[in-house]
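Comments concern the structure below.
All figures in this text were calculated on a predicted structure; none of them were measured in a lab. Order of the sequence lines fixes the chain letters, A, B, ..., with proteins taken first and strands second; residue numbering starts at 1 for each chain. These values consider heavy atoms only, across backbone and side chains, with no hydrogens, waters or symmetry-generated copies.
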There are 4 protein chains.
Amino acid sequence: MVGRTHGVHAEPITFGLKVLVWYEELGRAQERLSRARAGIAVGKLSGAVGTHAHLSPDLEEEVLGSLGLAPDAVTTQVVQRDRHAELLQAIALLGASLEKIALEIRHLQRTEVLEVEEPFREGQKGSSSMPHKRNPVNCERICGLARVLRANAHAALENVALWHERDISHSSVERVIVPDSFLAADFMVTQLREVLEGLNVYPERMRSNLEMTRGLIYSQRVLLALVQAGRTREDAYALVQRHAMAAWRSQPDLATRLLADPEVSRVLTKEKLLACFDPTHFTRHVNRIFERVLGEPVAAGR
Amino acid sequence: MVGRTHGVHAEPITFGLKVLVWYEELGRAQERLSRARAGIAVGKLSGAVGTHAHLSPDLEEEVLGSLGLAPDAVTTQVVQRDRHAELLQAIALLGASLEKIALEIRHLQRTEVLEVEEPFREGQKGSSSMPHKRNPVNCERICGLARVLRANAHAALENVALWHERDISHSSVERVIVPDSFLAADFMVTQLREVLEGLNVYPERMRSNLEMTRGLIYSQRVLLALVQAGRTREDAYALVQRHAMAAWRSQPDLATRLLADPEVSRVLTKEKLLACFDPTHFTRHVNRIFERVLGEPVAAGR
Amino acid sequence: MVGRTHGVHAEPITFGLKVLVWYEELGRAQERLSRARAGIAVGKLSGAVGTHAHLSPDLEEEVLGSLGLAPDAVTTQVVQRDRHAELLQAIALLGASLEKIALEIRHLQRTEVLEVEEPFREGQKGSSSMPHKRNPVNCERICGLARVLRANAHAALENVALWHERDISHSSVERVIVPDSFLAADFMVTQLREVLEGLNVYPERMRSNLEMTRGLIYSQRVLLALVQAGRTREDAYALVQRHAMAAWRSQPDLATRLLADPEVSRVLTKEKLLACFDPTHFTRHVNRIFERVLGEPVAAGR
Amino acid sequence: MVGRTHGVHAEPITFGLKVLVWYEELGRAQERLSRARAGIAVGKLSGAVGTHAHLSPDLEEEVLGSLGLAPDAVTTQVVQRDRHAELLQAIALLGASLEKIALEIRHLQRTEVLEVEEPFREGQKGSSSMPHKRNPVNCERICGLARVLRANAHAALENVALWHERDISHSSVERVIVPDSFLAADFMVTQLREVLEGLNVYPERMRSNLEMTRGLIYSQRVLLALVQAGRTREDAYALVQRHAMAAWRSQPDLATRLLADPEVSRVLTKEKLLACFDPTHFTRHVNRIFERVLGEPVAAGR
């Protein structure tokens, strides 16, 4: 399929590579959550100001141990709120990664692109008024909730600086943001899993979009071939750009234009030039990238 | 051109209508900025704790008057920071509206849509490596800076609750956020004006995108026609949806499918049905909307 | 009472002046809310993409009129979200002003200051474990919820830039932030009103705190008297600072030290010097400030 | 010294315990920064869309290795922005912890408390107009900049969801927030270190503040002694609260009141009662807490 930068066709990629980026990023999200979870798995029974004035540290260890929590080594009246903030931050960053995937699906589902679609149940209504509609509403919802998660993480940061051995200003905040962030994140993960499991993928649209610009996306390889053939980079850039800009919106296509240009044909054979327009050249290292991420060779069928 | 909801083709609109939404919204932004400016055009010379202990209120009025500022009626050591927060909020909200316009242009410039393009100077490089690229970088930059503006407005809100007759925690914040927000907003406005003044608009692409779904976007009007002809809304919806879903990705188009369906032809003549597929019906009230906003009739040429 | 800057005693003020600052600021909050309410009191019945394709503008006016709403002059599928963002911003800024007042009460209730206290019901428990406690928990709660309000306003700003004629990403956000912000703001206003109506004010503590530094807070007036008597500002500052620093933590007090210094007695009579230590001089313009804010003279009893 | 919750005197602690909380929390901040640094120590030379189309993965490894960076296993045109967001989050959370310490110092420096003071250079001016002032301006500045850091982390989260193989909206944001967050955090750390290294600590004020409530802070221990002596918790609470409330603002002190109450003397000897008012009982486990944190016994001199 075509890779896009700035929303504009760039160079060929594979859909698998796109998904691999998500996979790797979600792995980092998982690690952050695990660490934040470990960081919050502490408790305290150290009294009103953290001194164990009325209950001994030994009792604290016993009680917390029975709850599967470690005693927080030193506390005030409460466990310090940087631990909670780290957790809310990890959830917010997970949310941003989920948003990124959901946003990508929304982009790929736009009518003009239509390379993937959210699952759409038989009998589902995409719109109450327009019967033709199939909207990526789950992915839109995920994008929206990511905003709530980062707002909550912001509030959690304001909860860290409590007065002295504790003030209770954090409590009213936490009653809102902690359950809301957990519920929203859980919902987002569940929804996105459903979207991904039932995702409709349209390879034929990927192919036709890849060819939509009639070869423009191979401009860099032509540029490099010209440089290799002895042109300065600047000259070669100007030359390819001139033909590319002309080809953007009128016939003929880039390859035809280049073949007709003596400045090109002088240094590149037709064969060499046309070889630049081969998408498989661009994706020849993709299996290697999969190996880097997954730690093992990828089966040929990929 | 086609109107899009959820990124999916919905019903016909005009490009002018889209721009009118921007125009109206920026009017609101301007009002908010004017109000915030008036709200901040105060000063104080009321001393260390706001009592005028060492300089009289009369002197304050004289000095501030010479600066074109009104005396703030009551102050502490400083003018209260809700005034500054309102200003930063107004700037951030302006930024969000600029972001909306810039985001729209980015969407309309994607290769598959390509209905408008940011101005692109002769000789400009869209990408250092891919000579074919023309990227909406100005609009992307505007979208980015809107994030900075809202972050700054958030910090401004935290500056409101100072201690007693003043603590100076707000000062280090304001040294960063006030100039940054003014500079960024000014830059964004200037950039967007340049983008809009030199915007390339491609009506032929608007038309071809409008026709891309071969009539699907008229589904609501068919639905309403069927209802008017006596079908229940539910039945009509199911019927149109069935044909629409089939037409999404295979021939023939929606109109042809409907014409071939006896359930349709029994209640709608061919003429009546095909009349549903007329884009000008959808935009017949657009001039009226312009009048609502601009307060005067719009010339026929619009 | 003593005015404080940076948490450190500065110069005398009155408690009324402090409250007047709140009064004036809440007036601004009220205006912002009114404006935001007017800005959101619009509706739309303009169809799937804002064109009135299936319902006329006339019908829209009739229906919305019956709801007490004005038609939004131009819309997409929805009313533009800058209107909602302005509302959430106004609520967040109200919250910051409520936070400021609540924060001040918390400061004034600290054990060492104890000039005011939140109402405390007979039989109420300030702490489950420490029977002597009376904590400003309502004010702490207000401070916390202000964090939630500003986080929500931030999310509202991210809702402005929707795709084309609408995407639905804003909806999941609004379902959380709109009711939460209204509920929290309403609660905060109600709570703060109760706190203020039942506020315990301790004038005798205000007086003893005013005298706590044994005259240091009059240092500026001494400085100005020395300057008026012919000393350079720099000399006078150094002289007063030297004595003030010595008086901070050991006997005798500032006035006694100054009287014993020939550099002072040479230019200021004892009478003139002691006149500098009169708190009523510092608050002599306070009634004038009340008149500026309230628009009418203040009764002598103030 | 006295421990305070809700700004109100609670029970005795030691200043060392307070600092130990900071020490432990900053250790967590350091770990988060180390992890975020490791997470960002990757690079990429994988081309315009992450495929290594024009440069091999081998070359990437060589070049990045020479820079001390690992190749990011899979990328788009850029390293994914969740890595940058994690870094900005870690900096913002460090900032919140620094803010907490700075806020504490500001509280302890207020005139009525005055248990510690920021270093104040000979000849420094605390205020241009009030020669007696010594303000915690460095700590106030640290509190302010923490707001900037969390605002920047919020913006960084909005940078994660880029379009397809990259859009450049993140770039304008990062040019602002990355240097600003690094510079501000560095400044805050440096300033706070200076403040802590030169901190003036006033043990005599700590002692006098501890005694300010004439024994109220021992109310919990009395309560527990009464319960141990056979009173129900509810009765004992009501009894102690009644005397405590009376003692808050008038003579005699809590102990005297309790001794005179037959309900108390019936179950507690004078000796047992007075033993409750011993601050060293409250801090007897503090060395144990130091051992938990530092991993070794604390010298007796502590």
Side-chain angles (χ1 to χ4, degrees), chain A residues 3-7 10-11 13 17 20-21 24-25 28-29 32 39 48-54 56-57 73-77 80 82 85-86 89 92-93 96-97 99-100 103-104 107 150 154 157-158 160-168 220-221 224 281-283 285-286 288-289 292-293, chain D residues 3-7 10-11 13 17 20-21 24-25 28-29 32 39 48-54 56-57 73-77 80 82 85-86 89 92-93 96-97 99-100 103-104 107 150 154 157-158 160-168 220-221 224 281-283 285-286 288-289 292-293:
Chain A
R4 298 164 178 97
T5 55
H6 312 266
E11 295 193 334
I13 61 165
L17 185 63
L20 189 66
V21 170
E24 177 80 345
E25 182 162 336
R28 291 192 292 273
R32 285 181 207 115
V49 291
T51 50
H52 298 278
H54 311 291
S56 78
V74 57
T75 74
T76 58
Q77 185 171 93
Q80 301 307 287
D82 66 306
E86 183 184 343
Q89 283 186 327
L93 189 40
S97 293
E99 176 192 20
K100 172 173 130 179
L103 183 76
E104 183 70 21
H107 277 307
R150 51 186 163 255
H154 201 140
L157 281 168
E158 289 193 56
V160 172
L162 301 179
W163 291 20
H164 301 303
E165 279 57 65
R166 192 253 190 121
D167 73 71
I168 205 168
Q220 181 176 191
R221 201 167 170 217
L224 296 173
H281 174 83
F282 286 77
T283 56
H285 289 302
V286 167
R288 170 88 178 272
I289 300 172
R292 294 214 296 201
V293 172
Chain D
R4 298 165 178 97
T5 56
H6 311 267
E11 295 194 333
I13 61 166
L17 186 62
L20 189 67
V21 170
E24 177 79 345
E25 181 161 336
R28 292 192 292 273
R32 287 181 206 114
V49 291
T51 50
H52 298 277
H54 311 291
S56 78
V74 55
T75 74
T76 59
Q77 185 172 92
Q80 301 308 285
D82 66 305
E86 183 183 345
Q89 283 186 327
L93 189 40
S97 293
E99 177 191 20
K100 173 173 128 179
L103 183 75
E104 184 70 21
H107 277 308
R150 51 185 163 255
H154 202 140
L157 281 168
E158 288 194 57
V160 172
L162 300 179
W163 290 20
H164 301 304
E165 279 56 66
R166 192 252 189 120
D167 73 69
I168 205 169
Q220 182 174 191
R221 201 165 171 221
L224 296 173
H281 174 83
F282 287 77
T283 57
H285 289 303
V286 167
R288 170 86 177 272
I289 301 172
R292 293 214 298 202
V293 172

Decide yes or no for [X] and [Y]: does some side-chain heavy atom of the first lie under 4.5 Å from some side-chain heavy atom of the second?
X       : Y        : value
A/Gln80 : D/Lys100 : yes
D/Glu25 : A/Val160 : yes
A/Val74 : D/Arg292 : no
D/Asp82 : A/Arg32  : yes

[X] and [Y]: which non-hydrogen atoms are nearest, and at how many Å?
X       : Y        : result
A/Ala96 : D/Ala161 : O-CB, 4.3 Å
D/Ala53 : A/His281 : O-NE2, 3.6 Å
D/Ala73 : A/Val293 : CB-CG2, 3.7 Å

From [X] [atom1] over to [Y] [atom2], what is the distance, rounded to the nearest 0.5 angstrom?
X        : Y       : atom1 : atom2 : answer
D/Leu20  : A/Thr75 : CG    : OG1   : 10.5 Å
A/Ile168 : D/Thr5  : CD1   : OG1   : 9.5 Å
A/Gln89  : D/Gln89 : CD    : CD    : 4.0 Å

For [X], which atoms come within 4.5 Å of any heavy atom of chain A: side chain, backbone, both, or neither?
X        : answer
D/Leu224 : side chain
D/Glu24  : side chain
D/Leu103 : side chain
D/Arg28  : side chain
D/Arg288 : side chain

Taking [options] one by one, which has the highest count of heavy-atom pairs under 4.5 Å against chain D?
options                               : answer
A/Glu86, A/Glu158, A/Arg221, A/Glu99  : A/Glu86
A/Glu104, A/Arg150, A/Arg166, A/Glu11 : A/Arg150
A/Thr76, A/Asp167, A/Leu93            : A/Leu93

What is the ring orientation for A/His52 with D/His285, classed by angle as parallel under 30°, tilted 30 to 60°, or perpendicular over 60°?
->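 Ring orientation of A/His52 relative to D/His285: perpendicular.
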How are the rings of A/Phe282 and D/His54 set relative to one another: parallel (under 30°), tilted (30 to 60°) or perpendicular (over 60°)?
->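 A/Phe282 and D/His54: perpendicular rings.
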Most chain A-contacting option - heavy-atom pairs closer than 4.5 Å, from D/Thr283, D/Leu162, D/Leu157 =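 Looking at each of D/Thr283, D/Leu162, D/Leu157 in turn, D/Leu157 comes out on top.
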So which of D/Ala92, D/Pro57, D/Ala29 has the biggest tally of heavy-atom pairs under 4.5 Å with chain A?
->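 If we count pairs closer than 4.5 Å to chain A, D/Pro57 comes out on top.
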